[in-house]
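These numbers come from a predicted model, not from an experiment.
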Amino acid sequence: MSLNSTLAPDRKLWVLRNFDLFASLSDQNLEELLRASRVVNFSRNDHICMSGVQHTHAYLVKEGNVRIVHHHATGKRLTLGILKPGELIGDIDLFNHELPLGESAEAIGTVQLYAVPIDLLKRLIGNNTAATLKLSKMTGERRSDLVNLIQDVLFLTVPQRIAKLLQRLENEFPGTTKNGRQFVNLKLTHAEVADLVGANREAVSTTLGKWKAAGIVESIKGYFVIKDQASLDNIANV
């Protein structure tokens with residue numbers, strides 16, 4: 001991790017204004033937040049924060065992506081979600097700021113975050129009804145996504161889980177190749193896909209190998225290109 005303070009104050013303030021969570025805060029509130037915050041950088045696979053550790057700062061994603069990972073006592077991992085720029089790591093409410101037990105936040109590629117004092121963030125959000133409601137909505141959506149993920153792991157096959165994952169990532173991280181094909185604009189290894197669907201890497205590699213041979217999906221330099229959308233949708237919906 002490294003610190004970065006090269007952004008000009010007006011540029012940093014503009015960035016803060018573009019966080020949905022801060023949209024309803026006054027300029028005075030944003031200036032206070034700006035003075036107290038700092039920009040921190042992480043490299044691929046760096047640990048950002050984890051449960052069981054007392055944190056004085058909350059982290060908001062400025063650039064790059066962050067994965068939230070659950071670690072089981074057996075050593076297995078399950079990626080619970082991928083955060084994009086503008087999102088908050090963990091659930092900050094007016095009472096607590098901790099990742100749930102057994103969870104950690106890790107960088108996917110190069111990541112730049114705002115580190116904001118938790119006490120200040122609680123005060124600013126707690127005094128603003130719109131911001132409080134926005135945070136509640138964000139927390140509710142994450143919990144709903146977690147319930148859906150658990151249901152998929154319990155009841156769907158590995159190919160179905162991968163197909164549903166790629167459908168979701170297509171929408172969240174859209175990209176289009178020069179020849180018009182859709183691809184997931186997020187670089188992922190087979191092991192990272194396995195963590196996202198609750199499977200082992202071998203099962204994921206086997207499935208993706210079959211799909212490549214069938215002309216459905218191909219991984220090119222870590223980016224998944226969708227060659228046959230209809231077939232992928234059929235697998236997801238079986």
| query | Are the charged groups of Glu32 and Arg35 less than 4.0 angstrom apart, N to O? | reply |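 No, this pair does not count.
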
| task | Identify the residue among Asp195, Leu80, Ile108 that makes a side chain to side chain contact (heavy atoms under 4.5 Å, CB included) with Arg67. | result |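 For Arg67, the side chain to side chain contact (heavy atoms under 4.5 Å, CB included) check succeeds only for Ile108.
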
| query | Trp211 pairs by side chain to side chain contact (heavy atoms under 4.5 Å, CB included) with which of Asp228, Ile226, Leu232, Thr206? | reply |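 So, applying the side chain to side chain contact (heavy atoms under 4.5 Å, CB included) to Trp211 and each of Asp228, Ile226, Leu232, Thr206, only Leu232 qualifies.
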
To the closest 0.5 Å, what do you measure between [atom1] ([X]) and [atom2] ([Y])?
| X | Y | atom1 | atom2 | result |
| --- | --- | --- | --- | --- |
| Thr207 | Ile235 | OG1 | CD1 | 9.0 Å |
| Arg44 | Thr110 | CZ | OG1 | 9.0 Å |
| Thr129 | Lys134 | OG1 | NZ | 15.5 Å |
| Tyr223 | Leu186 | OH | CG | 8.0 Å |
| Leu25 | Leu121 | CG | CG | 8.5 Å |
| Asp20 | Leu60 | CG | CG | 11.5 Å |

| task | Among Lys227, Lys210, Arg181, find the one that has a salt bridge (Lys or Arg N to Asp or Glu O under 4.0 Å) with Glu218. | result |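 It is Lys227, the one option of Lys227, Lys210, Arg181 that forms the salt bridge (Lys or Arg N to Asp or Glu O under 4.0 Å) with Glu218.
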
Under a 4.5 Å cut-off applied to non-hydrogen side-chain atoms, are [X] and [Y] in contact?
| X | Y | result |
| --- | --- | --- |
| Leu149 | Leu78 | yes |
| His71 | Val69 | yes |
| Leu188 | Leu196 | yes |
| Asn127 | Thr132 | no |
| Leu208 | His190 | yes |
| Lys187 | Glu192 | no |
| Asn65 | Phe173 | yes |
| Asn41 | Leu113 | no |

Are a donor atom and an acceptor atom from the side chains of [X] and [Y] found within less than 3.5 Å of each other?
| X | Y | result |
| --- | --- | --- |
| Ser231 | Asn234 | no |
| Asn171 | Gln167 | no |
| Ser205 | Glu202 | no |
| Arg123 | Asn128 | no |

Of the non-hydrogen atoms in [X] and [Y], which two are nearest, and what is the gap between them?
| X | Y | value |
| --- | --- | --- |
| Ala36 | Leu120 | CB-CD2, 3.5 Å |
| Pro85 | Gly64 | CD-O, 3.3 Å |
| Leu88 | Ala58 | CD1-CB, 4.4 Å |

| message | According to side chain to side chain donor-acceptor pair (under 3.5 Å), does anything in residues 147-156 pair up with another residue at least two apart or in another chain? List the pairs. | response |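 Every side chain to side chain donor-acceptor pair (under 3.5 Å) pair that includes a residue of residues 147-156, provided the two are not neighbours, is Asp152-Lys164.
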
| said: Can you confirm whether Gln28 is buried at CD, in the sense that more than 12 heavy atoms of other residues, nucleotides or ligands lie under 6.0 Å from that atom? | reply: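 For Gln28, atom CD is not crowded (no more than 12 foreign heavy atoms under 6.0 Å).
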
| field | Atom NZ of Lys84: over 12 foreign heavy atoms under 6.0 Å | value |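 Count over threshold, so yes.
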
| Under 4.5 Å between side-chain heavy atoms, hopping through other hydrophobics if needed: is there a path connecting Val111 to Ile89? |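 Yes.
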
| query | How would you list, by chain and number, every residue that makes a ring-ring contact (aromatic ring centres under 6.0 Å, His included) with Phe224, sequence neighbours excluded? | reply |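 With sequence neighbours excluded, Phe224 shows a ring-ring contact (aromatic ring centres under 6.0 Å, His included) to no residue whatsoever.
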
| said: Tell me if a side-chain donor or acceptor on Arg161 pairs with a main-chain N or O of Val197 at a distance below 3.5 Å. | reply: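 Yes.
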
